[in-house]
Amino acid sequence: MGVNDFENRLKFLGGVVVLIFVVLFARVGYMQIYQGEYYERRAEGNRIRLIPTMAPRGTFFDRNGENIVTNRPGFTVSLLPLTAPIAPEVVARLSELLKVPQAEIQAKIKAHVGFEPIRIKTDIGPEILTIIEEQKELYPGVIIEIQAIRDYLYREQAAHVLGYVSEISDEELEAKKEQGYRTGDIIGKSGLERIYDKELRGTNGGRQVEVDVTGKPVQVLGQKDAVPGNDLILTIDWKLQAATEKAIDEQLQLIGCQAAAAVVMNPQTGEVLAMVSRPSFNPNLFVHGISEKEWKKINENPYFPLDNKAITGEYPPGSTFKIVTGAAALSEGVVTPTEKIYDGGEYMDKGNASGEVLGWLDFVGGLSYSDNVYFYILGHRLGIDRLERYSRMFGLGEKTGINLPYEAEGLVASRAYKERVFEEDWYVSETLDAAIGQGFNLVTPLQAAMLISEIAANGRRYQPYLVQRIVGPDGKTVQEFQPKLVSTLDVPFSVIQLVQQGLRDVTKYGTAAGVFGPGFPIDIAGKTGTAENPHGRDHGWFVAYGPFDNPSIVVAVIVENGGYGSQSSVPIGKKIFEAAFGLDQPAGSGNLTVKTP
């Protein structure tokens with residue numbers, strides 16, 4: 001190669017270098033002069049971060065101001081990828097420390113949108129907190145948030161009414177993301193927590209934080225405080241709720257049964273004063289993620305602790321249904337109050353459960369002694385179509401509309417149902433079964449309470465409800481709920497009075513007299529029932545109200561596999577009435593828990 005060629009190549013390379021510097025200087029000038037403001041904004045965005053803070057959920061109070069659900073401070077481990085993605089080794093280290101599968105952490109990271117903390121585990125203990133704080137260099141991007149943790153102060157008590165909260169699932173997030181829900185949010189899963197989740201959630205706040213190049217917060221530039229959710233003032237009387245639960249637990253232990261339900265209502269308003277389902281569960285277990293051991297214990301329980309049997313349990317009403325049959329027969333004129341019908345022990349091959357022969361009975365006697373033969377004859381005279389019509393008039397076969405999720409409808413025996421399900425004709429023997437609350441008839445304990453409430457309230461049916469008021473963080477009422485009259489029975493008042501008289505005699509001389517009797521201080525009217533159970537021992541029912549002249553309390557109790565209602569459920573009902581009217585307290589110890597209106 002000649003000297004000239006070498007010089008030419010050197011000149012060419014020099015020109016290229018000069019050109020490169022010219023382009024670079026031009027680009028720098030363009031970016032600084034023409035796009036300087038744009039890149040300044042981007043740099044500012046990299047320097048400033050918005051960190052949201054979750055609002056505390058609203059709390060629950062009973063009708064007398066007793067706080068029953070609140071929040072407590074707790075620590076949550078979260079990921080906050082400020083400057084770089086979370087490294088796999090950090091995920092592995094965190095998984096081992098928190099006992100959370102790596103796949104679960106990675107799934108949350110993948111689903112993460114925006115600049116919000118990715119919450120991995122809620123309500124950690126002090127030992128985990130100490131490890132993360134002392135070994136920060138091993139956990140880059142991991143932060144500790146102070147959050148309000150749901151606290152059910154009385155554990156299992158009223159768990160099915162209150163419900164529980166837990167982290168939002170993928171399916172729930174997909175359905176609710178348009179409503180502002182985000183990954184890691186805590187939402188209501190059942191009970192009132194679920195129904196009033198929006199009202200209880202509040203409004204999240206946040207901090208505007210300046211960070212350095214490593215993503216470490218330097219200073220807080222601004223802060224918007226979270227606004228707590230609204231509080232719920234319930235219709236529940238907490239002392240009566242506790243007494244009802246105690247009465248059920250003692251009776252179940254005494255007779256060796258595992259499952260029961262009870263509803264206590266004010267028949268003049270529809271306010272639910274107590275609601276119990278057994279077995280129960282501790283809602284606090286779900287707040288920070290239930291353990292596999294605890295979930296297995298609940299999930300494998302054959303009596304389904306998570307189900308609120310008061311509104312989801314569907315049972316044959318047994319002899320409590322004779323209220324409907326009796327009201328229908330008197331209203332339709334197929335029997336008169338004074339007509340005496342002979343009980344010879346059986347009717348059309350169907351007899352009394354005990355095999356008794358009670359002889360001649362009028363209406364009040366037939367109802368108070370719960371005579372099957374008497375009501376077989378009334379049912380035969382009425383026919384299934386009229387029985388169905390009166391059942392629906394009482395509100396059976398449909399939801400009551402209570403403000404709780406998953407309420408069951410029950411079932412009214414009818415030709416249409418049998419034809420639709422079994423494609424068979426209706427038989428007279430099935431009418432006789434329906435007349436005494438067996439066969440296809442199914443009711444929930446809440447529907448049974450509603451049924452007896454209509455008689456107590458002289459034919460008026462009010463929608464059951466559990467919340468009196470919704471109150472904002474400032475103490476002002478946001479919404480107030482009033483009694484809602486749903487319907488009035490289309491039967492003569494004289495018929496209602498006769499049914500009332502028969503129910504009163506049940507506790508004085510009839511099937512519940514062995515527990516109550518004429519000497520009970522409060523005048524109680526009620527009806528026992530024994531519901532046939534094809535899967536085991538019969539279920540025991542008791543529905544009642546008091547005081548007789550001015551009812552303020554209705555009670556409905558069922559004990560699964562309890563046998564005769566007079567032996568299994570009536571003792572529970574008696575204890576509930578004693579607690580409601582202060583009879584379980586020493587003389588002169590104070591006012592009644594529930595006053596008559």
Side-chain angles (χ1 to χ4, degrees), residues 265 267-268 317-341 343 360-397 412-413 431-432 434-437 441 443 447-462 485-512 523-529 541 543-551 554 556:
M265 289 175 54
Q268 312 295 348
S319 292
T320 64
F321 187 82
K322 291 172 182 175
I323 294 171
V324 176
T325 304
L330 290 169
S331 300
E332 293 294 312
V334 300
V335 69
T336 65
T338 57
E339 178 188 355
K340 291 194 174 183
I341 294 175
D343 170 14
W360 294 98
L361 296 167
D362 62 8
F363 178 79
V364 171
L367 186 58
S368 63
Y369 289 105
S370 196
D371 185 68
N372 281 355
V373 170
Y374 182 90
F375 282 91
Y376 285 144
I377 293 172
L378 296 193
H380 195 180
R381 292 179 181 180
L382 279 167
I384 189 58
D385 296 330
R386 286 193 285 193
L387 265 180
E388 178 192 1
R389 179 160 60 87
Y390 277 86
S391 296
R392 299 194 185 282
M393 184 192 299
F394 272 89
L396 302 181
V412 170
T431 301
L432 306 188
I436 64 165
N441 284 320
V443 301
Q447 288 175 328
M450 178 189 68
L451 172 62
I452 191 73
S453 288
E454 292 174 87
I455 298 301
N458 296 328
R460 299 186 303 276
R461 172 158 58 104
Y462 291 91
L485 181 63
V486 177
S487 65
T488 302
L489 291 177
D490 185 18
V491 300
F493 181 58
S494 60
V495 169
I496 294 176
Q497 288 179 307
L498 280 165
V499 174
Q500 290 171 341
Q501 183 181 344
L503 296 177
R504 186 185 194 183
D505 283 3
V506 167
T507 64
K508 298 292 186 294
Y509 320 107
T511 54
D523 203 1
I524 303 296
K527 185 73 193 74
T528 60
W541 278 104
V543 297
Y545 65 87
F548 179 78
D549 292 328
N550 192 14
V554 156

Open item on the list: Going by side chain to side chain contact (heavy atoms under 4.5 Å, CB included), Tyr390 matches just one of Val491, Leu396, Val412. Which one?
Closed with: Val491
TODO: Might you point out which heavy atoms bring Asp549 and Pro551 nearest each other, and give the distance in Å?
DONE: C-CD, 3.8 Å
Task: Residues forming a side chain to side chain contact (heavy atoms under 4.5 Å, CB included) with Thr336, sequence neighbours excluded - done: Thr338, Glu339
Open item on the list: Between Phe493 and Leu498, is there a side-chain heavy-atom distance shorter than 4.5 Å?
Closed with: no
Task: Least distance between heavy atoms, Pro317 atom then Val443 atom - done: CB-CG2, 3.7 Å
TODO: Please name the pair of heavy atoms, one in Gly395 and one in Gln447, separated by the smallest distance, quoted to 0.1 Å.
DONE: O-NE2, 4.5 Å
Open item on the list: Test of understanding: with side chain to side chain contact (heavy atoms under 4.5 Å, CB included), list the residues that count as partners of Tyr509, not counting sequence neighbours.
Closed with: Tyr369, Asp505, Pro518
TODO: Output yes when a side-chain donor or acceptor of Asp362 lies under 3.5 Å from a complementary backbone atom of Lys340, and no otherwise.
DONE: no
TODO: Provide the full list of salt bridge (charged side-chain N to carboxylate O under 4.0 Å, His left out) pairs with a residue in residues 486-504, sequence neighbours left out, each pair given once.
DONE: Arg504-Asp523
Open item on the list: How long is the straight-line distance from CG of Leu489 back to CZ of Arg460, given to the nearest 0.5 Å?
Closed with: 10.5 Å
Open item on the list: Restricting to salt bridge (charged side-chain N to carboxylate O under 4.0 Å, His left out), what partner residues turn up for Asp385, sequence neighbours left out?
Closed with: Arg415
Task: Any residue meeting side-chain hydrogen bond (donor to acceptor under 3.5 Å, both in side chains) with Thr431, in chain and number order, not counting sequence neighbours - done: Trp426
TODO: Name all residues meeting the side-chain hydrogen bond (donor to acceptor under 3.5 Å, both in side chains) criterion together with Arg386; count only those two or more places apart in sequence or in a different chain, and write none if there are none.
DONE: Glu332
Task: Residue pair Ile524 / Ala544: nearest heavy atoms and the distance that separates them - done: CG2-CB, 4.0 Å
Task: Residues Asn458 and Gln500: side-chain donor-acceptor under 3.5 angstrom - done: yes
Task: Atom pair OG/CH2 of Ser319 and Trp541 - distance to nearest 0.5 Å - done: 12.0 Å
Task: Non-neighbouring partners of Glu388 that pass salt bridge (charged side-chain N to carboxylate O under 4.0 Å, His left out), sequence neighbours left out - done: Arg392
TODO: Could you tell me which non-hydrogen atom of Thr320 sits nearest to which non-hydrogen atom of Leu451, and how far apart they are?
DONE: O-CD2, 3.8 Å
- [ ] Grab the two heavy atoms, one from Val554 and one from Ala456, that are nearest each other, plus how far apart they are.
- [x] CG2-CB, 4.2 Å
- [ ] Not counting sequence neighbours, which residues clear side chain to side chain contact (heavy atoms under 4.5 Å, CB included) with Thr528? List them please.
- [x] Thr511, Ala512, Phe542, Ser566, Val570
Open item on the list: Could you check whether atom NZ of Lys508 has more than 12 heavy atoms from other residues, nucleotides or ligands sitting under 6.0 Å from it?
Closed with: yes
TODO: Working to the nearest 0.5 Å, report the span between CD1 of Ile323 and CG of Leu503.
DONE: 5.0 Å
Task: Check: Lys322 side chain, Ser370 main-chain N or O, donor-acceptor pair, under 3.5 Å - done: yes
- [ ] Under the side-chain contact (heavy atoms from CB on, under 4.5 Å) rule, what do Ile341 and Phe363 come out as? Steps first, then yes or no, please.
- [x] CA-CA 9 Å; Ile341 294 175; Phe363 178 79; over 6 Å; no
Task: Residue list, side-chain hydrogen bond (donor to acceptor under 3.5 Å, both in side chains) with Tyr376, at least two apart or on another chain - done: none
Open item on the list: Can you list everything that forms a side chain to side chain contact (heavy atoms under 4.5 Å, CB included) with Thr325? Sequence neighbours excluded, please.
Closed with: Phe321, Phe375, Leu378, Leu382, Leu387, Ala435
Task: Nearest-0.5 Å distance, CZ of residue Phe394 to CD1 of residue Ile452 - done: 9.5 Å
Task: Residue pairs, two or more places apart or on separate chains, that pass salt bridge (charged side-chain N to carboxylate O under 4.0 Å, His left out) and touch residues 447-459 - done: Glu454-Arg461
TODO: Output all residues satisfying side-chain hydrogen bond (donor to acceptor under 3.5 Å, both in side chains) with Asp343, sequence neighbours left out; order by chain, then residue number.
DONE: Asn352
